[in-house]
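First the structure, in the form of structure tokens, and then the observations on it.
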Amino acid sequence: MELDLDAHLADAEKAAAAASTEADVRALSAEYLGKKSQLKAAKKQLGALDPDERRSAGLRLNDAIERLETLFEHRGSQLADEARRSQLEAERLDLTELLHPIERGHLHLVTQARDRLEDVFVGMGYEVAEGPEVETAWYNFEALNIPEWHPARGSFDTIFVDLGEPESVMLRSHTSPVQIRTMEVQEPPIYIVAPGRTFRTDTADATHLPAFNQIEGLVIDRGITLGDLAGTIDTFVHAFFGGEVRSRLRPSYFPFTEPSAEFDISRPDGSWLELGGCGMVHPNVLRNCGIDPDRWQGFAFGFGIDRLAVMRYQLDDIRELVNNDVRFLRQF
Ligand code: PHE
């Protein structure tokens with residue numbers, strides 16, 4: 001036989017190893033095993049050999065053909081695997097990259113407290129109202145029965161805005177202006193709470209922040225008494241803190257309520273924490289909003305949400321609420 005089978009097989013192996021696609025392998029298969037291949041030609045020449053030689057040459061040829069078939073088959077499926085793997089690699093959406101579990105944040109303590117407060121009052125039939133953080137003297141003071149000469153103006157440590165007449169525009173020093181804004185546009189009966197940011201020239205210390213949060217409450221209806229106010233505060237305190245916490249009213253003074261009171265809640269150690277002010281809405285305030293004090297009465301209250309958060313989460317220092325140290329905030 002002219003064909004050197006060993007050299008031919010070695011060539012085929014080299015070519016198969018060099019093939020980089022399945023198509024290359026198919027072409028090799030045609031070249032080495034197809035009709036025009038050297039092996040097929042060699043097979044045709046077998047007839048010319050004498051019988052003994054024909055047998056052994058035939059066996060060697062068949063063996064070579066089988067080996068080439070296996071070779072191309074293996075190489076073909078190897079390349080198919082590789083192609084599939086690199087396609088998967090290219091299309092991969094790697095969902096295993098997160099080395100740490102996702103850390104979910106949560107609402108700020110003050111936001112949580114405000115949301116809870118809203119829930120408690122909405123549960124008692126109140127609506128949530130809002131007002132601007134920058135106010136005029138009318139809403140922040142005058143309509144609330146605090147005329148310009150009134151000494152109470154000084155007690156509010158107001159931050160004024162450099163706009164218009166001096167001391168005519170300010171960052172609201174309490175949420176009470178929302179009482180006026182609500183009564184101006186809404187007919188009684190009125191049951192609202194108005195949470196929001198308030199500002200005073202206070203220096204931050206363990207119990208004060210210059211920017212803090214209050215929630216205002218206003219009820220205007222027929223035949224409302226101080227008993228309704230006391231009962232409302234008690235109900236809210238129980239709903240917010242749980243049954244053990246008690247509340248008390250202490251006589252006090254605000255120009256926009258008469259009578260006025262300060263209200264405290266009991267601490268676990270038996271002492272009292274001042275939470276806010278309240279009282280029956282002053283007739284002048286009702287009149288300023290076009291409401292007839294002989295037909296309608298009401299009460300109002302206002303207290304600090306940040307202080308409530310301090311109490312609820314037993315913080316030592318109210319400034320923790322604005323330091324925004326995640327190691328602290330994460331605990332709640
Ligand atoms: N606005 C008062 C304050 O900030 C609190 C208050 C609200 C008092 C409503 C009486 C009625 O101190």
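Counting from 1, the numbers follow the sequence of the chain as shown. Counting starts at 1 for both ligands and their atoms, in listed order.
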Using distance alone, with no hydrogens and no angle criterion, decide if [X] and [Y] have a side-chain donor and acceptor under 3.5 Å apart.
X    : Y    : result
E216 : S176 : yes
H8   : D11  : no
Q179 : Y139 : no
Y313 : Q112 : yes

Closer than 4.0 angstrom: is that true for some heavy atom of [X] and an atom of ligand 1?
X    : result
F299 : no
G276 : no
R200 : yes

task: Only heavy atoms count here, so choose which of F263, F212, F256 is nearest to atom 2 (C) of ligand 1.
output: F256

Test of proximity, [X] against ligand 1: N or O pairs below 3.5 Å:
X    : result
S173 : no
H174 : yes
E216 : no
Q179 : no

query: Is any NZ, NE, NH1 or NH2 atom of the basic residue among R26 and E31 found under 4.0 Å from an Asp or Glu carboxylate oxygen of the other?
result: no

query: Less than 4.0 Å between a side-chain N and a carboxylate O, is that true for D81 and R84?
result: yes

Using a strict 4.0 Å cut-off to heavy atoms of [X], name the atoms of ligand 1 that fall inside it.
X    : value
Q214 : 3 (C), 4 (O)
F254 : 8 (C), 10 (C), 12 (O)
S176 : 1 (N), 7 (C)

Centroid separation H174 to F256 less than 6.0 Å: yes

- prompt: For atom 5 (C) of ligand 1, what is the nearest protein heavy atom, given as residue, atom name and distance?
  reply: G302 O, 3.9 Å

